[in-house]
Amino acid sequence: MLDSTGDSMSHVVHLVVGARPNQMKAAPLLKLLRLSEEFDPILVDTGQHYDHEMAGIFFEQFGMGSPGVSLKVGSASHGKQTAQILEQYEEVLLEQQPSAVIVIGDVNSTVACSLAAAKLQIPTVHLEAGLRSNDRTMPEELNRIVTDHLCDLLWTPSPDGDKNLIAEGICDSKIVRVGNIMIDTLVQMEPLFSHRKMKEELNIRADHIVVTFHRPSNVDSFETLEKILVQVAEISKKYTIVWPMHPRTKNKINEHGLNNLIRAPNICVVQPLGYVEFMSLVSSSVGVITDSGGVQEETTYLGIPCLTVRPNTERPITITEGTNRLISLSEIEASVLTLEEEPSKHSEIEFWDGLTAERCVESLKSLLV
Ligand code: UD1
Ligand code: UDP
């Protein structure tokens, strides 16, 4: 792009984050875009997550600085939250007229911002495109499908992503396999979290298991949540449980009056943790029990066993090539008790190499420069 004097100008590119899992995917790309001469990136934070430990701590730990745009939408129902982001972000787009918008992952902020940009004919890019659980009861699955069909450029992490998009009739020319950007962050942060002694800081002497739950299907109903908590209490007789608790889960435990089930001596419930603290605990654990998307990938990279309490995953490569296993709600306790019998596994997956952000920047140049 040239200015009125014929000198080359950099392209303003919006990089949108909203919820916790967006931050670790945005950080390495933001860093490289800032270093490039061709692009002038602006970090846009919708404020879908807003507690310091769900948002601000990651801007700090990843050195992202403060967002250039903060919408501060906060929590609301799906319709209301998505609509508020759409309305507010459209105004920002009209004012700033970026050359492109990059959205990430599968949260409400992702679909709302891609819709706002696509309607204004602004080139829109989806980082982590093509993932499918084929489970339309998950809000994220609907966000993924809509976002992928709105975007002009689809950056996929793995071959299954490409196949899913082609099966939905999306043109091959829009798809670029860039790899898994989460691993860029993991590789960059590993020196920090491998030296952080969180286990000692929490005064944990026994072998420990890390637990995270936040999917509505697991934590919203009394019956399901109670089943999880009862089994975690049983497991705590053998292993120390460290549970950095997501605010949705904490609220539901309070609402359903289930706090007594987590008051066991070996259950250490803590606030949601920063990335360095969380990964220090994961990397030193016997295994993880989770329903998180990102944690399935991080444990695979680290070779740590991961029990995912879900009927499906949009990240099948973590099962076929990694350490992830899908288990049902009633299998949690039994699965943990056989965890140490599993052979250790460390796989090298194509494009899980710490260079995904570089491939994204090259692809963006092909689109805009
Ligand atoms: C959202 C994403 C989900 C992602 C998860 C990552 C959608 C539809 N869901 O789920 O895909 O896996 O983030 O963590 O986009 N809350 C706070 N403080 C915060 C944020 C949330 O207290 O900073 C509480 C509020 O009570 C809120 C609830 O958590 O109502 C749920 O937040 P919300 O963003 O709606 O969904 P998540 O369950 O966090
Ligand atoms: N994470 C973190 N602190 C925590 C729990 C998770 O830093 O207390 C990180 C984790 O390492 C992963 C990301 O948050 O990179 C996953 O976010 P989450 O599970 O909230 O969302 P999902 O991936 O399921 O969409």
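We count ligands from 1, going down the list as the structure has it; atoms in each ligand are counted the same way. What you see is a predicted model; the values in this text were computed from it and never measured.
- In terms of protein heavy atoms, atom 27 (C) of ligand 1 is closest to Ser75 OG, 3.3 Å.
- No side-chain donor from either of Arg20 and Asn22 sits under 3.5 Å from a side-chain acceptor of the other.
- Heavy-atom proximity to Val107, at under 4.0 Å, picks out these atoms of ligand 1: 2 (C), 11 (O), 15 (O).
- Taking every heavy atom of both residues into account, Leu368 and Ala100 meet most closely at CD1-CB, 3.8 Å.
- Using a 4.0 Å cut-off between charged nitrogen and carboxylate oxygen, Asp106 and Arg144 count as a salt-bridge pair.
- By the side chain to side chain contact (heavy atoms under 4.5 Å, CB included) test, Leu192 pairs with Met189, Val276, sequence neighbours left out.
- In Met54, the part holding a heavy atom less than 4.0 Å from any atom of ligand 1 is the side chain.
- For Arg215, the closest heavy-atom approach to ligand 1 falls below 4.0 Å.
- A donor-acceptor contact closer than 3.5 angstrom links the side chains of Glu297 and Asn180.
- Asn143 and Thr110 share no donor-acceptor pair across their side chains, judged by distance under 3.5 Å alone.
- Scanning the protein for heavy atoms near atom 22 (O) of ligand 1, the closest one is Pro247 CB, 3.3 Å.
- Checking Glu168 against His149 by side-chain atom types alone, a donor-acceptor pair falls below 3.5 Å.
- Protein heavy atom in closest approach to atom 10 (O) of ligand 1: His49 NE2, 4.3 Å.
- The aromatic rings of His256 and Phe222 lie perpendicular to each other, with more than 60° between the two planes, well past the 30° mark.
- Interface atoms of ligand 1 facing Asn251, defined by a heavy-atom separation under 4.0 Å, are 26 (O).
- Protein heavy atom in closest approach to atom 29 (O) of ligand 1: Arg248 N, 3.7 Å.
- The contact set between ligand 1 and His246, taken as ligand atoms under 4.0 Å from a residue heavy atom, comprises 14 (O), 37 (P), 38 (O), 39 (O).
- Residue Arg20 has no N or O atom closer than 3.5 Å to an N or O atom of ligand 1.
- Protein neighbours of ligand 2 below 4.0 Å, counting non-hydrogen atoms: Arg20, Pro21, Met24, Phe58, Met182, His214, Arg215, Pro244, Pro272, Leu273, Gly274, Tyr275, Phe278, Met279, Ser292, Gly293, Gly294, Glu298.
- Looking from atom 12 (O) of ligand 1 to the surrounding protein, the closest heavy atom is His214 NE2, 2.8 Å.
- For ligand 1 and Glu140, the ligand atoms under 4.0 Å from any heavy atom of the residue are 3 (C), 9 (N), 11 (O).
- A side-chain donor-acceptor contact under 3.5 Å links Tyr239 and Glu340.
- Look at Arg315 and Glu128 and you find a salt bridge, because one of the NZ, NE, NH1 or NH2 atoms lies within 4.0 Å of a carboxylate O, short of that distance.
- The heavy-atom pair separating Pro139 from His78 by the smallest distance is CB-CE1, 3.5 Å.
- If you check which protein heavy atom lies closest to atom 7 (C) of ligand 1, you get Gln48 NE2, 3.6 Å.
- Classification of the His14-Tyr89 ring pair by plane angle, with boundaries at 30° and 60°, yields tilted.
- Heavy atoms of Pro21 found under 4.0 angstrom from ligand 1 belong exclusively to the side chain.
- The shortest contact between atom 18 (N) of ligand 1 and any protein heavy atom is with Asp51 OD2, 2.8 Å.
- Shown here for Gln231 and Leu329, the closest heavy-atom pair between the two residues is NE2-O, 2.6 Å.
- Among all heavy-atom pairs drawn from Pro244 and Pro272, the shortest one is CB-CA, 4.3 Å.
- Nearest to atom 17 (C) of ligand 1 among the protein's heavy atoms is Tyr50 OH, 3.2 Å.
- Side-chain contact check for Gln271 and Glu277: no donor-acceptor pair (N or O, by modelled atom type) lies under 3.5 Å.
- For ligand 1, the polar-atom distance check against His78 finds no nitrogen or oxygen pair separated by under 3.5 Å.
- For a threshold of 3.5 Å applied to N or O pairs, the pair formed by Asn143 and ligand 1 contains no separation below that value.
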